[in-house]
2 protein chains.
Amino acid sequence: MKRFVEVEQWLKTHGIRLTDQRRLVVRRAVAYLHFTAEELVKDVREYDASIARGTVYRTLAMLQQAGMVEKHDFRYGPPNYEVTFAKAHHDHLMCLHCGEIIEFQEPRWERLQDEVAKRYKYQLLTHTHKLYGVCASCQRSGEKRLAEPPHLHVEEMVA
Amino acid sequence: MKRFVEVEQWLKTHGIRLTDQRRLVVRRAVAYLHFTAEELVKDVREYDASIARGTVYRTLAMLQQAGMVEKHDFRYGPPNYEVTFAKAHHDHLMCLHCGEIIEFQEPRWERLQDEVAKRYKYQLLTHTHKLYGVCASCQRSGEKRLAEPPHLHVEEMVA
DNA sequence: TCTGTAGTTGAGACTGAGTCTCAATTGGCT
DNA sequence: AGCCAATTGAGACTCAGTCTCAACTACAGA
Ligand SMILES: [Zn+2]
Ligand SMILES: [Zn+2]
Ligand SMILES: [Zn+2]
Ligand SMILES: [Zn+2]
């Protein structure tokens with residue numbers, strides 16, 4: 001089942017009005033792996049030119065509130081968003097040359113951080129672990145340009 | 001030896017002009033543990049009201065370039081800076097209620113991340129690990145306000 | 001100590017990214 | 001179909017930071 005159907009289902013069962021705009025924003029958001037708010041505004045406007053920037057931001061905030069979207073501050077440029085609904089927790093490794101983002105899991109970390117939190121008597125709520133480096137192919141090509149957050153895995157919307 | 005002396009020494013030996021403004025910015029910056037650029041602008045202006053915003057930002061950028069200052073994106077508000085010159089690497093744990101920031105070291109993490117980088121053939125350059133939670137005293141008081149990045153350990157400048 | 005000059009500064013215009021306001025519109029219930 | 005609170009579009013506004021450029025100054029060399 002396409003992920004946006006589940007997201008729309010979730011909204012419905014939580015008494016949140018399903019407008020055309022929200023449907024569109026959700027459908028386009030799930031087409032990306034990581035995206036910036038402005039990228040999404042631009043993308044969504046190709047389907048409905050009159051959609052307001054505020055609507056996109058408001059919808060993202062709502063989804064974030066609901067725990068279906070996460071906001072990541074990568075080191076360069078504006079924050080990236082990611083639809084994490086029905087997706088396992090993972091952390092990120094970013095190439096500073098080409099901007100590639102790799103998602104990975106490392107359960108031993110997750111355990112270590114509980115230990116650290118306990119050490120300082122903190123109740124742990126969230127965390128961000130980001131690694132920055134140079135990917136294999138950029139090491140080879142020896143390029144020097146800095147990362148511009150790229151689009152990865154964007155699908156066209158098929159009605 | 002006061003840390004700013006070492007910083008000024010470093011600048012001198014690297015052929016960077018020592019202006020009054022830079023001296024002031026450096027001296028005030030080392031008085032903080034973590035600070036935002038705007039906090040530093042405000043602070044520095046108490047000593048020299050005519051100092052320009054741009055000068056503070058430029059100086060911070062220069063020190064960052066030189067590896068003496070690090071910029072951290074905590075999750076709320078603008079980035080925090082930290083003078084890391086002659087300071088061991090550490091990561092951060094932040095209380096989302098009162099904004100307290102704890103610095104800690106966890107060598108096992110540092111090792112794990114090398115492993116992860118190797119797994120994806122990345123040449124690792126930097127990383128950020130941030131834990132967010134509720135500190136012991138906020139857990140007790142059950143307060144609900146969200147973090148505003150606080151000043152910690154600010155010294156007055158003594159001539 | 002006096003200069004020359006490249007590096008630095010202050011002031012303010014400018015930008016990007018996001019927020020806010022409010023009248024007009026609309027989803028979803030009856 | 002009608003109602004009305006929720007949502008939207010449009011644009012003003014904010015905040016944090018960048019840029020530009022004429023005036024100023026640190027400091028190497030005379
Ligand atoms: Zn993790
Ligand atoms: Zn991800
Ligand atoms: Zn670390
Ligand atoms: Zn620190």
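Fair warning: this is a prediction, and the values are worked out from it, not measured in the lab. So you know, we letter chains A, B, ... as the sequences are listed, proteins then strands, and number each from 1.
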Taking for each residue the nucleotide of DNA chain D bearing the nearest heavy atom, is the 5' side occupied by Lys71(B) or by Gln21(B)? Lys71(B)
Need one value for Arg53(A): base, sugar-phosphate or nothing, where a base atom within 4.0 Å counts as base even if backbone is also close, heavy atoms only. base
Taking for Arg22(B) and for Glu38(A) the nucleotide of DNA chain C with the nearest heavy atom, the one nearer the 5' end belongs to Arg22(B)
Salt-bridge criterion met for Asp114(A) and Arg111(A) (N-O under 4.0 Å): no
Output the rounded distance in Å from OH (Tyr76(B)) to P (dT19(C)). 13 Å
N-O pairing of Arg119(B) and Glu106(A) below 4.0 Å: yes
On DNA chain D, check which nucleotide each of Ile51(A) and Leu18(B) is closest to and give me the residue with the more 5' one. Ile51(A)
Could you check how far CG of Leu11(B) sits from C1' of dT8(C), rounded to whole Å? 14 Å
Which residue pairs satisfy the salt bridge (charged side-chain N to carboxylate O under 4.0 Å, His left out) criterion with at least one member in residues 49-77 of chain A, sequence neighbours excluded? Glu38(A)-Arg53(A)
Interatomic distance, Ile16(B) CD1 vs dT9(C) C1' [rounded to whole Å]: 16 Å
Restricting to non-hydrogen atoms, name the atom on Cys95(B) and the atom on Cys98(B) that form the minimum distance, rounded to 0.1 Å. SG-N, 3.5 Å
Reading DNA chain D 5' to 3', which nucleotide is the first, and which the last, to come under 4.0 Å of any heavy atom in chain B? dA16(D) to dC27(D)
Report yes or no: do His89(A) and Glu110(A) form a side-chain donor-acceptor pair below 3.5 Å? yes
Only one of Arg17(B), Arg22(B), Arg3(B), Arg27(B) forms a salt bridge (Lys or Arg N to Asp or Glu O under 4.0 Å) with Glu8(B), so which one is it? Arg27(B)
Any idea how Tyr132(B) and Tyr76(B) line up, ring-wise: parallel (<30°), tilted (30 to 60°), or perpendicular (>60°)? perpendicular
His14(B) NE2 to dG7(C) P: how many Å, rounded? 17 Å
Shortest non-hydrogen contact from Glu6(B) toward Phe85(B): CB-CE2, 3.5 Å
Does the side chain of His34(A) come under 3.5 Å of the side chain of Glu39(A) through a donor N or O and an acceptor N or O? no
Using a 4.0 Å cut-off on heavy atoms, which residues in residues 54-64 of chain B reach DNA chain D? List them by number, or say none. Tyr57(B), Arg58(B)
